[in-house]
Amino acid sequence: MLDFFLLMDFEEMERKWQKRWFDGKIYEARREKGKKFFIHFAYPGISGYLHVGHMRGFTYADVIARYMRMNGYDVIFPAGFHATGLPAVSLAKKVARNDEKMLEYLRQNGCPEEIIPKLKDPEEVVRYFSRVYVEDYWKKFGFLIDYTRLMNTISLGYKKFIQWQFRQLMKKELLVQKPHYAPYCPNCGPVAVDKSETDISEGGDAEILEFTLIKFRFDGRILPAATLRPETIFGVTNMWVNDSIEYVIARVGDEEWIVSEKAAEKLRYQMEDVEVVGRIHGSEIVGKKCVAPIVNREVPIFPAEFADPDIATGIVMSVPAHAPYDYVALRDIGMPVEPIVIIDIKGYEIPAKEIVEKMGIENQRDERLEEATQIIYKDEFHKGVMNENCNGYAGMSVNEAKEEIKERMFSEGIAELMREFSRRVICRCGEEVVIKRVPNQWFIKYSDEDLTRKSIEWVNEMNIFPREYKDELPKILEWYGDRACIRQGSWLGTPFPFDENWIIEPISDSTLYPAYYIIAKYVNEGKIDVEEMDDDFFNYVFLGEGAARREIWERIKEEFEYWYPVDINLGGKEHKTVHFPVFIMNHVAIMPRRHYPRGIFAHWWVTQKAGMKISKSKGGAEPIPDAAKKYGVDALRLYYCHIGSPFVDVEWDDETVEQYKKRIARTWNLFQQLLSLNGKKAEIDEWLVSAFNEKLKVAREAMREFDMRKASNALFFEMHNIFNWYMKRGGGNEGVVKDILHKWVRAIAPFTPHMAEEMWENLGMKEFVTLQNYPEEEEIDYGVLKAESVLTKTMDDIEEIRKVTGIKASNIYIYIAPPWKWKILEMALQLEEEEGILNMKNLMEKVKEMDVNMKEASQYAAKLIQEMRKEKFMVIDERKYMENAKEFMERELGAKVHICGDDCPDPANKRRHAFPHRPAIYME
RNA sequence: GCGAGGGUAGCCAAGCCAGGUCCAAGGCGGCAGACUCAAGAUCUGCUGGCGUAGGCCAUCGCCGGUUCGAAUCCGGCCCCUCGCACCA
């Protein structure tokens with residue numbers, strides 16, 4: 001075991017300091033300094049236990065909050081819980097039906113047996129996990145979150161707030177109604193189709209495709225051919241109907257359509273007025289003819305097995321020149337018609353034919369047809385041009401023609417739109433999910449031009465990390481369309497104020513919420529009655545409209561004015577295209593300009609290999625409190641800060657985290673070692689002071705952009721080397737070291753606060769280091785830093801020579817550059833600084849005035865000018881510095897060292913090579 | 001498709017925006033040594049090639065360009081990853 005773990009029980013240390021911080025309530029946001037900083041993270045959804053990956057972002061927020069607190073800001077760092085929507089409900093449902101996996105999961109994560117039955121109730125789920133997040137995660141990690149402001153999105157006060165927000169949106173005409181097409185289970189109602197498959201048992205990755213149903217005329221009825229490529233109507237040669245199934249005749253408006261039975265079902269959900277009036281077998285249709293619109297061509301109807309009754313209408317038009325399926329199916333029945341080519345594209349004559357032959361596809365059951373279709377579709381869409389067979393569209397690119405033809409067909413009534421999943425989606429109840437038309441769906445009008453423009457302009461004023469995201473955001477805001485903001489079903493959330501049967505969906509109820517943290521404190525403390533929080537209240541507090549009905553309103557408003565706007569909203573990269581844009585837009589839409597958010601910080605994830613989720617086999621899957629126990633909180637905090645840029649995904653790896661645990665131990669040991677020094681003043685002290693301040697400067701500059709990686713690297717890793725070198729050089733000045741430790745401990749406090757507090761106490765300090773001012777760097781003597789680096793470089797060179805030659809030297813001569821070389825350097829530096837130009841001409845003009853060997857001097861000057869382009873030169877007393885370090889060098893090199901001007905022997909004629917910052921060396 | 005990010009030595013990973021101090025930080029792994037009965041941990045040194053004087057050569061996905069000078073800037077190409085809306 002490491003000394004550290006024998007001497008220090010870090011778990012005990014964490015508990016000790018956390019208790020003191022929390023007892024001292026130092027986390028509470030107070031208005032004292034006149035300068036404020038508002039940071040929060042995108043609150044987590046209540047979806048169960050979190051894993052070590054989630055702690056990355058939370059840790060960043062705490063480090064930044066602590067850093068800003070030490071830099072003279074009143075910091076408000078609130079947090080809450082996103083309880084709205086499905087996750088909590090879904091968890092409760094699983095518990096209710098005694099889902100084995102769920103029970104197992106709860107037990108493994110340490111859920112007490114007596115709690116489990118209670119979790120059948122979604123509200124209990126919210127209550128329980130809120131507590132877990134606070135007690136087992138945030139407090140365990142020492143986060144100085146303002147715990148007096150905790151809130152969740154299903155509390156009464158919050159709901160009032162959201163209703164106010166929606167009335168504001170309505171007032172500003174940003175709520176609009178229009179038809180919407182959404183996933184729907186005939187048994188369970190609206191469901192969410194997403195990859196986590198909360199509501200569904202299959203098909204979470206399904207996309208909604210938009211098929212164009214082109215109406216072919218057939219015996220006074222309609223054969224609606226479903227296609228994703230309406231532009232290929234010009235190349236239609238025949239129809240495909242499955243002759244082994246029965247179709248239905250459906251009355252649609254005043255038309256009669258022939259579609260598969262299933263299609264009729266689906267269409268009923270998407271269109272008004274659809275009714276099955278008869279049946280017709282596929283074999284009764286096959287062999288007849290129908291008429292294609294647009295081209296007004298009569299085409300035969302052939303049988304095809306791939307005409308799947310489960311996909312769209314079950315009726316397919318055939319474009320054999322451009323659709324591999326069609327080509328192969330025709331070939332299977334002996335090519336009764338010839339393909340018509342309608343798209344010109346480089347590298348192909350008849351695209352479908354060629355790819356099918358190239359891939360050696362044998363018949364219409366070949367699975368590779370899907371791949372062939374993809375290839376042709378992509379190529380044609382991007383590179384294809386409509387040819388002379390396309391009346392009126394010739395010369396147009398395929399992607400343009402597609403849109404125009406589609407629009408024309410819809411407007412002329414010869415086509416309809418049908419939405420269909422790209423794959424089967426099955427509800428938890430076992431029923432197949434369909435797409436249902438919601439005729440009067442409410443949307444938030446994010447497409448609003450004025451709102452979009454103002455939001456984009458505002459982004460320009462914001463501090464956004466990473467920088468790349470700042471450039472990306474305007475494009476996202478531009479792209480962001482209207483969002484369906486309410487839905488029906490059994491989920492948690494706020495009733496829509498204009499129709500209380502609907503619930504506001506989870507993205508839309510989490511946009512202005514940082515503002516509510518200000519109010520949450522007063523609600524939590526019972527200082528305001530939720531009932532009195534009506535529109536007048538919110539208008540007064542947030543918008544400054546109207547008057548306060550009670551004195552407490554004034555206090556709340558005052559506080560809101562002090563803390564708002566948000567300085568940093570921190571969240572994972574998953575928020576880049578959804579949450580952050582609406583966070584900005586809702587503030588712009590509703591709040592006065594001075595309350596628009598000032599900054600966003602988007603961090604990337606902790607993953608397993610290749611972006612996989614954290615898994616048991618690869619580590620990181622243990623409950624967070626177990627990980628905290630295993631590695632120590634400060635080690636984990638340092639790990640998150642230092643493992644990589646915040647803007648790349650990092651792979652969790654037990655062994656790597658273990659290294660950070662060791663790093664904490666080493667840092668602690670080093671501190672103890674430094675603390676025990678009781679030496680006297682020495683030459684190297686000056687170097688230590690400058691080297692320390694230089695790294696401190698690096699850290700402070702990095703933190704200006706919240707670059708925690710760079711800062712922690714300087715403070716923990718580079719600083720470690722500096723202290724080690726100082727001691728190796730014989731340094732041990734108690735006064736200087738103590739002074740520096742006072743600064744260093746403060747500097748590392750935001751990152752590893754528990755260890756820092758312990759160190760601070762060891763230094764004999766009484767107050768919390770957490771509440772101290774962050775140290776500022778003092779003057780840095782670059783000459784000393786340079787001199788020391790010349791020394792180490794010289795020693796490296798000696799080592800190198802020794803290695804190459806194999807000489808075991810007993811005498812080492814170090815020749816410092818002679819005074820005239822330093823004089824010329826001084827002149828060169830002066831020219832550079834005063835005239836901004838340094839070249840042979842102006843330098844030699846000055847050199848001429850000197851009494852030196854002109855040939856030697858000009859050679860030297862030429863080389864000097866060259867070298868000065870690469871390295872920073874300065875005039876320093878190298879000889880004196882080396883003399884002072886002579887004993888050290890002798891000890892290290894195990895040989896007698898002679899520091900020479902022109903006063904020692906020079907048998908190998910090395911002295912002439914001596915250069916500033918690069919003494920000549922001779923060994924014997 | 002739309003949008004974004006990335007390819008650096010045996011592996012992980014900094015550096016790139018602000019070109020020179022990059023023969024590329026740090027870590028892991030490997031080798032050697034110290035300590036130890038031993039193992040582990042810890043500490044020290046080495047870890048692209050060549051080299052009997054601090055040097056030379058090679059390397060930052062590939063090709064080209066700009067520059068006195070390119071991992072870094074510009075252009076083209078190849079490959080990988082991620083997000084894309086009712087999911088938080």
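Since the model is a prediction, treat every value here as computed from it, not as a measurement.
- In this structure, A:Tyr469 does not pack face-to-face on the six-membered ring of B:rG5, missing the 5.5 Å centre cutoff or the 30° plane limit.
- Here the side chain of A:His917 pairs no donor or acceptor atom with the backbone of A:Phe873 at under 3.5 angstrom.
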Considering only nitrogen or oxygen atoms on both sides, find all protein atoms under 3.5 Å from nucleotides 10-16 of chain B and state each distance.
{"residue": "B:rA14", "atom": "OP1", "partner": "A:Ser645", "partner atom": "N", "Å": "3.1"}

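- B:rG75 is paired with B:rC63 under the criterion used here, namely a Watson-Crick or G-U wobble arrangement in which both key atom distances are under 3.5 Å.
- Nucleotide B:rA58 has no partner under the Watson-Crick or G-U criteria, as no pair reaches both atom distances under 3.5 Å.
- Scanning for salt bridge (Lys or Arg N to Asp or Glu O under 4.0 Å) contacts around A:Glu878 gives an empty result, with sequence neighbours left out.
- Of the candidates B:rG5, B:rG3, B:rA88, B:rG5 carries the atom nearest the A:Glu468 side chain, counting heavy atoms from C-beta on.
- Partner assigned to B:rC82 is B:rG3, using Watson-Crick or G-U wobble distances below 3.5 angstrom.
- Across all strands shown, B:rC37 forms no Watson-Crick or G-U wobble pair with both key distances under 3.5 Å.
- Atom NZ of A:Lys910 is separated from atom P of B:rU52 by 15 Å (rounded to the nearest Å).
- Under the Watson-Crick or G-U wobble criterion, with both distances below 3.5 Å, B:rC68 is paired with B:rG20.
- In this structure a side-chain-to-backbone donor-acceptor pair under 3.5 Å is present from A:Ser712 to A:Arg709.
- For A:Lys402, the side chain to side chain donor-acceptor pair (under 3.5 Å) criterion is met by A:Tyr377, not counting sequence neighbours.
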When you compare the protein's N or O atoms with those of nucleotides 29-35 of chain B, which come within less than 3.5 Å of each other, and at what distance?
none

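- Between A:Lys573 and B:rA4 there is no side-chain polar atom (N or O) within less than 4.0 angstrom of OP1 or OP2.
- Considering only the side chain of A:Glu505, B:rC86 comes nearest among B:rA53, B:rU42, B:rC86.
- Annotation: salt bridge (Lys or Arg N to Asp or Glu O under 4.0 Å) contacts of A:Glu705 (sequence neighbours excluded): none.
- Listed nucleotides: B:rG27, B:rG55, B:rG5. Nearest to the side chain of A:Arg918: B:rG55.
- Atom CD1 of A:Ile435 is separated from atom C1' of B:rA85 by 15 Å (rounded to the nearest Å).
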Check nucleotides 19-21 of chain B for protein N or O atoms closer than 3.5 Å to its own N or O atoms and list the pairs.
{"residue": "B:rG20", "atom": "O2'", "partner": "A:Lys870", "partner atom": "O", "Å": "2.9"}
{"residue": "B:rU21", "atom": "O4'", "partner": "A:Lys870", "partner atom": "O", "Å": "3.4"}

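- Evaluation of the side-chain contact (heavy atoms from CB on, under 4.5 Å) rule for A:Ile503 yields A:Trp491 as partners, not counting sequence neighbours.
- In this view, A:Lys576 and A:Glu472 satisfy the salt bridge (Lys or Arg N to Asp or Glu O under 4.0 Å) rule, not counting sequence neighbours.
- Side chain of A:Thr577, nearest nucleotide from B:rG27, B:rU42, B:rC84: B:rC84.
- To the nearest angstrom, P of B:rC82 lies 18 Å from NE2 of A:His603.
- Proximity of the aromatic rings of A:Phe717 and A:His642 is defined here by a centroid distance below 6.0 angstrom, and this criterion is met.
- Between B:rA4, B:rA88, B:rG54, one nucleotide has an atom nearer to the side chain of A:Lys576 than all others, and that is B:rA4.
- Applying the side chain to side chain donor-acceptor pair (under 3.5 Å) test to A:Tyr469 and every residue at least two apart in sequence or in another chain returns nothing.
- Partners of A:Arg483 according to the salt bridge (Lys or Arg N to Asp or Glu O under 4.0 Å) rule, which considers only residues two or more places apart in sequence or in another chain, are A:Glu505.
- Looking at the side chain of A:Arg666, the nearest of the listed nucleotides B:rU42, B:rA25, B:rA4 is B:rU42.
- Side-chain proximity of A:Asn713 to the nucleotides B:rA4, B:rA25, B:rA85 is greatest for B:rA25.
- Take the nearest nucleotide of RNA chain B for A:Pro919 and for A:Pro183: the residue whose nucleotide is more 5' is A:Pro919.
- Every residue two or more places apart in sequence or in another chain that forms a disulfide (SG to SG under 2.5 Å) with A:Cys900 is listed here: A:Cys904.
- In a base pair of the Watson-Crick type (N1 to N3 plus N6-O4 or O6-N4) or a G-U wobble (N1-O2 and O6-N3), with each distance short of 3.5 Å, B:rC28 is matched with B:rG10.
- Both A:Val804 and A:His579 sit near RNA chain B, but only A:Val804 has its closest nucleotide nearer the 5' end.
- Checked against A:Lys695 for a side-chain contact (heavy atoms from CB on, under 4.5 Å), the options A:Ile780, A:Ile722, A:Leu715 give a single hit: A:Ile722.
- A:Pro466 comes within 4.0 angstrom of nothing in the nucleic acid, heavy atoms only.
- No donor-acceptor distance shorter than 3.5 angstrom exists from the side chain of A:Ser90 to the backbone of A:Leu86, with no hydrogens or angles considered.
- Residue A:Thr805 has its side chain nearest to B:rA53 when only B:rG45, B:rA53, B:rG54 are considered.
- Considering only the side chain of A:Lys803, B:rU47 comes nearest among B:rA4, B:rA41, B:rU47.
- Among B:rG54, B:rU42, B:rA85, the nucleotide with an atom closest to any side-chain atom of A:Tyr480 is B:rA85.
- A:Glu380 meets the side chain to side chain donor-acceptor pair (under 3.5 Å) test with A:Arg229, A:His322; sequence neighbours excluded.
- Remark: B:rU52 base-pairs with no nucleotide in the shown strands. Criterion, Watson-Crick or G-U wobble with two distances under 3.5 Å.
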